[in-house]
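Report on one structure; see the data block that follows.
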Amino acid sequence: MSPILRVGVLASGRGSNLQALLDAGTRLDYPARVVVVVSDREDARALERATAAGVTALFLNPKDHGARTAYEAVLTKTLERHDVGLVCLAGFMRLLTPVFVRVWQGRLMNIHPSLLPAFPGLHAQRQALDHGVTVAGATVHFVDEGVDTGPIVLQAAVPVQATDTEETLAARILVEEHRIYPEAVRLFAEGRLHVAGRKVSIR
Ligand code: GAR
């Protein structure tokens with residue numbers, strides 16, 4: 001069996017996707033463990049969740065580091081110090097520069113609450129409702145230098161109901177997020193993801 005994959009998570013808020021990854025890591029047959037959680041917000045619930053799970057939780061204040069690349073250099077140092085093999089963005093609300101993305105290329109994943117490439121960026125669920133789609137969903141993807149544009153690993157579809165509000169749709173999408181993010185991390189940890197250009201195949 002291959003060694004356990006060490007995962008670093010970057011999160012800015014509630015941290016429910018982080019929780020899904022923490023919970024998955026408690027299963028004996030799961031091949032990855034979250035070893036460090038970093039937030040750009042001191043009040044992020046994600047930090048409390050990490051602490052409760054006995055995982056190192058760090059607030060790194062962007063204001064302490066001037067330029068974005070200087071902040072990201074500290075992020076990278078921190079993640080390297082914890083020897084992480086995969087970085088998961090889980091509601092991390094900062095745009096990352098190409099410098100950071102290049103350092104972690106192929107080892108950097110994100111979860112987004114839409115069926116990409118539809119509705120990238122902020123308020124994806126509201127964008128989906130405003131557009132009138134009948135199927136929404138969630139996407140796990142590798143991060144490239146664009147906004148929510150990287151190679152797609154897993155997607156899950158969620159039917160839109162006539163009575164949906166942004167909140168009810170977001171809640172149903174979230175259930176799928178919590179299922180596919182740990183699954184994508186498992187596939188990565190098992191070395192089963194192969195990326196060729198935009199396409200990810202699962203072996
Ligand atoms: C999730 O719905 C995630 O997909 C979304 O933020 C939420 C974070 O929730 N991410 C994005 O919109 C990124 N573009 P969480 O903090 O409970 O995991």
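Every number for a ligand or one of its atoms is a count from 1 in the order of the listing. The residues of the chain are indexed from 1 along the displayed sequence.
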Checking a contact table here: which protein heavy atom is nearest atom 8 (C) of ligand 1, and how many Å away? G91 CA, 3.7 Å
Using heavy atoms and a 4.0 Å limit, tell me yes or no: is A11 in contact with ligand 1? no
Can you check whether L169 reaches Q161 side chain to side chain, under 4.5 Å on heavy atoms? no
Specify the protein heavy atom at minimum distance from atom 16 (O) of ligand 1: its residue, its atom name, and the distance to 0.1 Å. G15 N, 2.7 Å
Report the nearest protein non-hydrogen atom to atom 5 (C) of ligand 1: residue, atom name, distance rounded to 0.1 Å. P113 CD, 3.8 Å
Please identify which atoms of ligand 1 are closer than 4.0 Å to at least one heavy atom of H112. 4 (O), 12 (O), 13 (C), 14 (N)
Please table the atom pairs, donor to acceptor, closer than 3.5 Å between any side-chain atom in residues 77-96 and protein atoms at least two apart or in another chain.
unit_1, atom_1, unit_2, atom_2, d
T78, OG1, V74, O, 2.7
H82, ND1, T78, O, 3.0

Between the side chains of N61 and D40, is a donor N or O closer than 3.5 angstrom to an acceptor N or O? no
Members sharing V135's hydrophobic cluster (side chains within less than 4.5 Å): L115
With a cut-off of 4.0 Å, which atoms of ligand 1 are near a heavy atom of S16? 15 (P), 16 (O), 17 (O), 18 (O)
Is there at least one pair of N or O atoms, one from N110 and one from ligand 1, spaced under 3.5 Å apart? no
Would S114 and Q127 count as a side chain to side chain donor-acceptor pair (under 3.5 Å) if you check the C-alpha gap in whole Å, the side-chain angles of each, and the deciding distance to 0.1 Å? CA-CA 9 Å; S114 79; Q127 291 185 58; over 6 Å; no
Which residue and heavy atom of the protein sit nearest atom 4 (O) of ligand 1, plus the separation: E177 OE1, 2.7 Å
Can we say R179 and E183 salt-bridge, meaning some charged N sits less than 4.0 Å from an Asp/Glu carboxylate O? no
Within a distance under 4.0 Å of any heavy atom of R14, pick out the atoms of ligand 1 and give their elements. 9 (O), 15 (P), 16 (O), 17 (O)
Is it true that R27 and D29 make a salt bridge, defined as a side-chain N closer than 4.0 Å to a carboxylate O? no
In the protein, which heavy atom is nearest to atom 10 (N) of ligand 1, and how far is it? I111 O, 3.6 Å
